[in-house]
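Okay, structure first, notes after.
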Amino acid sequence: MAGHSKWANIKRQKAVVDAKKGKTFTQLSRAIIVAARSGVPDPAMNFQLRTAIDKAKAASIPNDNIERAIAKGAGTFGGDNANFEAIRYEGYGPGGVAILVEALTDNRNRTAADLRAAFSKNGGNLGETGCVSWMFHQKGVCVVEGVVDEEQLLEASLEGGAESYEMTEDEVSEVLTEIGNLESLSQILKDKGFKITDAQLRWIPSNSVEVTDAEQARSLFKLIDTLEDLDDVQDVTANFEVAEQLMALSIS
């Protein structure tokens, strides 16, 4: 799992200083629309939809907005014919860092143009499909908070069919599993009394690039911030490690 904890830590530390740039109503609503469209529009029977709704509620999105997004996905909301599709884009950041961008869009041309501009203006370049994805593998990840007994977590994780777990900070763990086992693992951990704050599919880098130059780190943070600020973008993953002292540059 090389690079997993490094990127997770980068994302978390950036989130502290970039809280104001959290997922917008637009981004979270699109995730609900796509989830409702890809399965039954009932959260009790659709794990992807249930997870999207939980994230929306955590971001204080009003219930009316959530219900409207579900209706749009189910095709029962009149006057909205937008057809969102999930697309993965790949590219390189400064220093050859590999970057995966997951987007939900109703206009491929607009999204590609926006991403190409973001990459080129921040020292990177948008690449062809497959240019960096071979450096990542997708896993299901459950984020567990309030872990006070690692032994109990280990037992519950094994029972749930997890592949590994990692304590990423005090009382917080990330439990990894195969994609198709995420819902089952999440439910078993909940049944064992653990608090699951997120359950998602995530791209895990299989190798990493160490960034030691301050200007390069600054450029990478700026590029990722720019990408994450685009409404069409749902998630950004990269394969770089950065020294703790350079994390402050993400504020700039």
Side-chain angles (χ1 to χ4, degrees), residues 1-12 15 23 28 31-59 70 73 86-88 90 98 100-102 104 130 132-208 234-239 241:
M1 296 303 167
H4 162 55
S5 62
K6 292 293 185 179
W7 175 248
N9 289 337
I10 288 169
K11 293 283 281 186
R12 264 192 303 277
K23 290 299 183 187
L28 291 166
I32 293 173
I33 292 170
V34 170
R37 185 169 294 156
S38 62
V40 293
D42 179 358
M45 301 173 65
N46 184 332
F47 178 65
Q48 182 184 353
L49 177 58
R50 190 160 67 246
T51 301
I53 290 172
D54 287 345
K55 289 181 180 179
K57 288 182 176 179
I70 294 173
I87 307 176
R88 187 177 73 239
E90 306 177 29
L100 288 183
V101 181
E102 293 177 277
L104 291 176
V132 301
S133 57
W134 59 274
M135 291 186 247
F136 298 80
H137 52 277
Q138 198 173 36
K139 294 292 181 182
V141 181
C142 286
V143 180
V144 187
E145 292 189 359
V147 178
V148 293
D149 189 330
E150 257 191 80
E151 191 66 30
Q152 287 184 357
L153 176 65
L154 174 59
E155 291 177 4
S157 297
L158 289 173
E159 184 176 332
E163 294 183 342
S164 64
Y165 81 91
E166 186 170 3
M167 298 301 297
T168 54
E169 54 186 286
D170 287 344
E171 298 189 0
V172 178
S173 176
E174 293 191 342
V175 185
L176 275 67
T177 189
E178 288 295 331
I179 297 170
N181 188 52
L182 180 59
E183 180 175 4
S184 175
L185 173 63
S186 176
Q187 189 58 54
I188 287 173
L189 289 174
K190 287 179 181 177
D191 291 344
K192 295 294 184 180
F194 289 99
K195 179 183 178 183
I196 309 299
T197 57
D198 198 5
Q200 61 177 198
L201 298 181
R202 187 186 300 170
W203 290 97
I204 309 296
S206 54
N207 59 63
S208 58
Q234 291 292 303
D235 197 28
V236 179
T237 305
N239 74 335
E241 299 178 11

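One-based numbering along the sequence shown.
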(request) Quick one: pull up CD in Glu171 and CG in Leu153 and give me the separation to the nearest 0.5 Å. (result) 12.0 Å

(message) Please find the pair of heavy atoms, one from Gln152 and one from Phe194, that lie closest to each other, and give the distance.
(response) C-CZ, 3.8 Å

(request) For Lys192 and Glu159, run salt bridge (charged side-chain N to carboxylate O under 4.0 Å, His left out): C-alpha distance rounded to whole Å, both residues' side-chain angles, the deciding distance at 0.1 Å, then the answer. (result) CA-CA 10 Å; Lys192 295 294 184 180; Glu159 184 176 332; 3.2 Å; yes

(request) Give, for atom CZ of Arg88 and atom CD of Glu102, the distance between the pair rounded to the nearest 0.5 Å. (result) 7.5 Å

(message) Between Leu154 and Tyr165, is there a side-chain heavy-atom distance shorter than 4.5 Å?
(response) yes

(request) Kindly give the heavy-atom pair with the smallest separation between Asn46 and Ala35, and that separation in Å. (result) ND2-O, 3.0 Å

(request) Quickly, which of Ser186, Ser157, Ser173 forms a side chain to side chain contact (heavy atoms under 4.5 Å, CB included) with Cys142? Name it, please. (result) Ser186

(message) Using a 6.0 Å cut-off, check whether atom CG of Asp170 has over 12 heavy atoms from anything other than its own residue.
(response) no

(message) Rounded at 0.5 Å granularity, tell me how far CE in Met135 sits from OG1 in Thr237.
(response) 13.0 Å

(request) Please name the pair of heavy atoms, one in Ala162 and one in Asn181, separated by the smallest distance, quoted to 0.1 Å. (result) N-ND2, 4.4 Å

(request) Kindly give the heavy-atom pair with the smallest separation between Ala56 and Leu28, and that separation in Å. (result) CA-CD1, 4.2 Å

(message) Less than 3.5 Å apart, any donor N or O on the side chain of Thr51 or Gln200 sitting next to an acceptor on the other?
(response) no

(message) Within this structure, what is the CG-CH2 distance for the pair Asn239 and Trp203, rounded to the nearest 0.5 Å?
(response) 13.5 Å

(message) Once rounded to the nearest 0.5 Å, what's the spacing between atom CD of Gln48 and atom CG of Leu182?
(response) 10.5 Å

(request) Measure across Leu49 and Pro43 and return the closest heavy-atom pair with its distance rounded to 0.1 Å. (result) CD2-N, 3.7 Å

(request) Taking the side chain as every heavy atom from C-beta outward, state whether Val175 and Val141 have any pair of such atoms under 4.5 Å apart. (result) no

(message) Under a 3.5 Å distance rule, please check whether Glu90 uses its side chain to pair with a backbone N or O of Ser133 as donor and acceptor.
(response) yes

(message) Run the side-chain hydrogen bond (donor to acceptor under 3.5 Å, both in side chains) test against Glu145 and tell me which residues pass, sequence neighbours left out.
(response) none

(request) Taking the side chain as every heavy atom from C-beta outward, state whether Ile204 and Gln138 have any pair of such atoms under 4.5 Å apart. (result) no

(request) Tell me yes or no: between the side chains of Glu163 and Thr177, is some donor less than 3.5 Å from an acceptor? (result) no

(request) Answer yes or no: is there a side-chain heavy-atom contact under 4.5 Å between Ile70 and Ile53? (result) yes

(request) Could you tell me the separation between the CG atom of Asn207 and the CH2 atom of Trp134, rounded to the nearest 0.5 Å? (result) 6.0 Å

(request) For side-chain contact (heavy atoms from CB on, under 4.5 Å), just list the numbers for Val132 and Leu100, CA-CA rounded to whole Å, side-chain angles, deciding distance to a tenth of an Å, and then say yes or no. (result) CA-CA 8 Å; Val132 301; Leu100 288 183; 3.8 Å; yes

(message) If the test is side chain to side chain contact (heavy atoms under 4.5 Å, CB included), which one of Glu174, Arg202, Glu178 qualifies with Lys139?
(response) Glu178

(request) Scan side-chain atoms only and decide if Glu241 and Ser208 contain a donor-acceptor pair under the 3.5 Å cut-off. (result) yes

(request) Can you see which heavy atom on Met45 is nearest to which on Arg50, and at what distance? (result) N-NH1, 4.4 Å

(request) Please test Leu189 against Val144 for side-chain contact (heavy atoms from CB on, under 4.5 Å), starting from the C-alpha separation and ending with a verdict. (result) CA-CA 9 Å; Leu189 289 174; Val144 187; 4.1 Å; yes

